[in-house]
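Reckoned from all heavy atoms, side chains included, excluding hydrogens, waters and symmetry mates. Please read these numbers as outputs of a predicted model, since none were measured by experiment.
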Protein chains: 2
Amino acid sequence: MNDPHPRSTRERLLDAAERLFAEHGFAATSLRTVTVTAGANVAAVNYHFGSKEGLLRAVVDRAMTSVNGERLRLLEELRASDRKPTVEQLVRAFVVTGASIVERSGTHGRDVARLLGRVMVEPDPAIRRLFGAEVAPVEGQYLQALQTALPQLPPNEVAFRYRAMVGLLALYQSDTLGDLHPGHRTEGDIATTQETERLVTMLTAAFRAPAAAT
Amino acid sequence: MNDPHPRSTRERLLDAAERLFAEHGFAATSLRTVTVTAGANVAAVNYHFGSKEGLLRAVVDRAMTSVNGERLRLLEELRASDRKPTVEQLVRAFVVTGASIVERSGTHGRDVARLLGRVMVEPDPAIRRLFGAEVAPVEGQYLQALQTALPQLPPNEVAFRYRAMVGLLALYQSDTLGDLHPGHRTEGDIATTQETERLVTMLTAAFRAPAAAT
DNA sequence: CCCCCATTCAAACGATCGTTTCAATCGTAC
DNA sequence: GTACGATTGAAACGATCGTTTGAATGGGGG
């Protein structure tokens, strides 16, 4: 019979790991589950990625690269305009990226979003640092743009709210916001864009709030 | 020598599990680590709680009971007042509970907060359902009070923002918001109350925002 | 043709997992 | 004191974990 897996073993491993890590988390996903799903051998993981953590690193890196690129592209677009970017524009550019990734690449894209949301809330400090290193380049740019749009807000206040935005988006992307109580998940893209808009509305208002009195 | 563990084995297991689950997550914490920390035998877990998941259930239940009680007490206090509770009062009552638990019982309280934050973002659906069942009684009361304070907002919009509040608080309590980039953690109670106030400010503004256009 | 090197494979490694067994131990009521 | 139910202890269960080994495979360049 023909090869049922046209993609290379390395790519199939990345795809399978991306989906399974997003679904069950890193610790609860065994390498054997990954390799069986990918139609590969257990040893292939250590051959291509060195270790289980190396596989995670590669998965996160691949997913993060596209997201980071999209975020920076949108930010550059806003800056190229003649007006200074508003808070809402900045928030929307940041939040919509997740949804756009989903829509662009279908099921695979949803896994990417869920994976990144999941990795951020992983307990293992090493994994958290991995995620932090990946978002660092984008963070600097957005913090600066947000600070410019909110000159009356102290920098640490802006940073706190930025982290809240990242975190809330991560929860949304990992479906943690929706299915605490099962039974009202719409699963459609209509709800996706609506909820994205809800997030933008909430976060924009949160950013615009005056600094809390100390 | 005297007994170095005055508390009962059952309580010591709960304490140890609470701290370790909060620190490393459920899947990454072994029963042997728990029992060694508690100064107990491995079999004691299955004797007192039936299984590892039974231990988690007991830990979450103990932690959630006190938090739920405090939340409902504060809500009742607001309702007993002559004025209708404002959005800010409701948000503060909800958010401050986490911090108050921490301050009341010291290190132990911090573990409680981290545990609940961690459980909410656990990948395992069974664990998530466990958390969902625990917060359900409080959720109904708060949703109703928030809806009364925000009559112009559609109910599903209120529910979405409520879930965002729960999620954001969970991230804050599990230290996920702070140490994405290590090195700026103050660890003191001063920062705790300040960041609590920041959350209240943000969330209040987020609730007050007009509904997103559809 | 043959060698070579990258890749894949089955198999096994030692370690650790959650769980179970059963004897030892304890306090307590009779 | 003795019997009894509750609790604890050491040890082992089978399963699964991440990782390693060493041989088989297969295509491309000499």
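Judged by distance alone, the side chain of A:Thr65 and the main-chain N or O of A:Asp61 form a donor-acceptor pair under 3.5 Å. In this structure, A:Arg114 contributes its side chain and A:Arg19 its backbone to no donor-acceptor pair below 3.5 Å. The backbone N or O of B:Glu122 lies less than 3.5 Å from a partner atom in the side chain of B:Arg128, making a donor-acceptor pair. The backbone N or O of B:Phe160 lies less than 3.5 Å from no partner atom in the side chain of A:Arg198, so there is not a single donor-acceptor pair.
In this structure, B:Ser30 does not reach the C:dT16 phosphate: none of its side-chain N or O atoms is under 4.0 Å from OP1 or OP2. Residue B:His48 places at least one side-chain N or O closer than 4.0 Å to OP1 or OP2 of D:dT8. For the OP1/OP2 pair of C:dA10 and a distance below 4.0 Å, the side-chain nitrogens and oxygens of A:Asn41 include at least one atom meeting the criterion. Between A:Thr9 and C:dT8 there is a side-chain N or O to OP1 or OP2 distance below 4.0 Å. Phosphate contact (OP1/OP2 of D:dG18, side-chain N/O of A:Ser51, threshold under 4.0 Å): absent.
Within the 4.5 Å cutoff, side-chain heavy atoms of B:Leu55 are placed close to those of B:Val34.
Whole-Å rounding puts the B:Glu11 CD to D:dT8 P distance at 12 Å. At whole-Å resolution of the value, CZ in A:Arg12 and P in C:dT7 are 13 Å apart. In this structure, OH of A:Tyr47 is placed 14 Å from C1' of D:dA24, rounded to the nearest angstrom. Counting to the nearest Å, the P atom of D:dT19 and the CG atom of A:Leu55 are 10 Å from each other. Straight-line distance from the CG atom of A:Leu13 to the P atom of C:dC9: 10 Å, rounded to whole Å. Counting to the nearest Å, the C1' atom of C:dG18 and the CZ atom of B:Phe26 are 10 Å from each other. When the C1' atom of D:dA15 is taken as reference, atom NZ of B:Lys52 falls 15 Å away, rounded to whole Å. One can place CG of A:Leu31 at 16 Å from P of C:dC17, the figure rounded to the nearest angstrom.
The listed nucleotides are D:dT8, D:dC17, C:dG18; the one nearest the side chain of B:Arg32 is C:dG18. Distance from the side chain of B:Asn46 is smallest to C:dT20 among C:dG18, D:dT20, C:dT20.
Remark: A:Arg73 does not engage A:Glu76 in a salt bridge, criterion side-chain N to carboxylate O under 4.0 Å. Between B:Arg163 and B:Glu139 there is no salt bridge, since no side-chain N of the basic residue sits under 4.0 Å from a carboxylate O of the acidic one.
The residue A:Thr35 sits apart from the nucleic acid: no heavy atom pair falls under 4.0 Å. Among the heavy atoms of the strands lying under 4.0 Å from A:Val42 is at least one base atom, whether or not backbone atoms are also near.
Judged by closest nucleotide on DNA chain D, B:Ala43 is the one of A:Ala43 and B:Ala43 placed further toward the 5' end.
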Test A:Asp15 against A:Arg10 for salt bridge (Lys or Arg N to Asp or Glu O under 4.0 Å), laying out the working first.
-> CA-CA 9 Å; A:Asp15 290 343; A:Arg10 197 189 139 89; over 6 Å; no
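In DNA chain C, stems built from 3 or more consecutive Watson-Crick or G-U wobble pairs, each with both distances under 3.5 Å, span C:4-30 with D:1-27.
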